[in-house]
Amino acid sequence: MEHVVRTLVRGAVTADGPWVRESLVRSWGSTMAARCDALVDASALPAVIVMLDGQPAGLATYAARGEDWELVTIAADTIGQGIGRMLINAVEDLARAAKARRIWLVSTNDNTRALRFYQRAGYEIVALDRDAVTRVRATLKPTIPMTIDGIAVRHELRLEKVLQRS
């Protein structure tokens, strides 16, 4: 008999707090996300969770700021199952329902897998902040690795997706 995986995407609730923190630390090394020369505690932000057969399998945190929403973190426990796509779609749906004009995010120059993922999801690279990661590593978050997969981690790329034209 074939097992059918039951999938649910839902907003995080207070009881999810320990898993949210654990997921952020597992994926990012900390609950503190560095971007735009600042740190933000992603565990304190609104979030959506993908549940597979009743177990959490992915997390996205976001910040809603009027017409501009920021996708702060996104991570799937398993790659290639569509979890990331479900997460990004859920945040976009919430943003559209709130009449947001755009969603933006920051990635680093080394994260080629994420850059491909975001561009396939309709996000465009709109800015490059040279040496942004180098600055943040020196001043706010020294735990950011110097290299990942042989690529120097130095720059931030800002991507955005327009949801509603003005």
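We're numbering straight along the sequence, starting at 1. In this text the structure is predicted, and so the values were computed from the model without any measurement.
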- Message: With a 3.5 Å distance limit and no angle check, can you tell me whether Q119 reaches the backbone of L115 through a side-chain donor-acceptor pair?
- Response: yes
- Item | Nearest heavy atoms of A47 and Y62, plus distance in Å | N-CE2, 3.8 Å
- Task: Verify the cluster assignment for L105 and I125: are they in a single hydrophobic cluster under the rule of side-chain heavy atoms below 4.5 Å apart?
- Result: yes
- Query: For R154, which of D110, D131, D129 qualifies under salt bridge (charged side-chain N to carboxylate O under 4.0 Å, His left out)?
  - Reply: D131
- Interatomic distance, D68 atom CG to I103 atom CD1 [nearest 0.5 angstrom]: 10.0 Å
- Item | Close side-chain approach of I79 and R113, heavy atoms under 4.5 Å | yes
- Item | Single-linkage hydrophobic cluster Y123~W104, side-chain heavy atoms < 4.5 angstrom | no
- Message: How long is the straight-line distance from CD of Q81 back to OG1 of T78, given to the nearest 0.5 Å?
- Response: 4.5 Å
- Task: Keeping the roles fixed (side chain from R135, backbone from R130), state whether a donor-acceptor pair exists under 3.5 Å.
- Result: yes
- Message: Between D16 and R10 (salt bridge meaning N to carboxylate O under 4.0 Å), is one present in this structure?
- Response: yes
- Of all heavy-atom pairs linking A15 and P18, the shortest is O-CD, 3.6 Å
- Message: Quick check: is I74 connected to L39 through a chain of hydrophobic side chains (ILVMFWY, heavy atoms under 4.5 Å apart)?
- Response: no
- Message: Give me the atom names and distance for the closest heavy-atom approach of A60 to V91.
- Response: CB-CG2, 4.1 Å
- Message: Using side-chain contact (heavy atoms from CB on, under 4.5 Å), reason through L159 and V126 one step at a time and then give a plain yes or no.
- Response: CA-CA 5 Å; L159 295 90; V126 295; 6.0 Å; no
- Rounded to the nearest 0.5 Å, how far apart are OG1 of T7 and CE of M86? 5.0 Å
- Query: Apart from M51 itself, what residues make up its hydrophobic cluster when side-chain heavy atoms of I, L, V, M, F, W and Y under 4.5 Å apart count as a link, directly or indirectly?
  - Reply: L8, W19, V20, L24, W28, I49, L59
- Of all the heavy-atom pairs spanning V153 and P145, show the shortest one and how long it is. CB-O, 3.6 Å
- Message: Check for me, please, whether I151 and L157 land in the same ILVMFWY cluster - side-chain distances under 4.5 Å, paths through other members count.
- Response: no
- Derivation of the side-chain contact (heavy atoms from CB on, under 4.5 Å) call for V40 and T61: CA-CA 11 Å; V40 63; T61 62; over 6 Å; no
- For the atom pair CG (L163) and CD (E92), what is the distance rounded to the nearest 0.5 Å? 6.0 Å
- After noting the C-alpha distance and the side-chain angles of V25 and R21, does the key distance pass the side-chain contact (heavy atoms from CB on, under 4.5 Å) rule? CA-CA 6 Å; V25 169; R21 286 186 292 282; 5.5 Å; no
- Query: Minimum heavy-atom separation for A63 to V72, with atom names?
  - Reply: N-CG2, 4.1 Å
- Is there a path from V9 to L45 through hydrophobic residues (I, L, V, M, F, W, Y) whose side chains come within less than 4.5 Å of each other? no
- Okay, side chain of D41, backbone of S43: is any donor-acceptor separation there less than 3.5 Å? yes
- Item | Closest contact, heavy atoms only, D37 versus V136 | CA-CG2, 3.8 Å
- Check: A152 main-chain N/O paired with N109 side-chain donor or acceptor under 3.5 Å: yes
- Does any non-hydrogen side-chain atom of T143 lie less than 4.5 Å from one of S30? no
- For T31 and A42, indicate whether the former's side chain and the latter's backbone hold a donor-acceptor pair under 3.5 Å. no
- Check whether any side-chain heavy atom of T108 sits under 4.5 Å from a side-chain heavy atom of I148, and report yes or no. no
- Item | Verdict with supporting geometry, R35 and E156, side-chain contact (heavy atoms from CB on, under 4.5 Å) | CA-CA 8 Å; R35 83 292 168 276; E156 288 182 347; 3.9 Å; yes
- Item | salt bridge (charged side-chain N to carboxylate O under 4.0 Å, His left out) partner of E70, chosen from R65, R102, K161, R158 | R65
- Gap between atom CG of L71 and atom CG of L87 - 0.5 Å precision: 9.0 Å
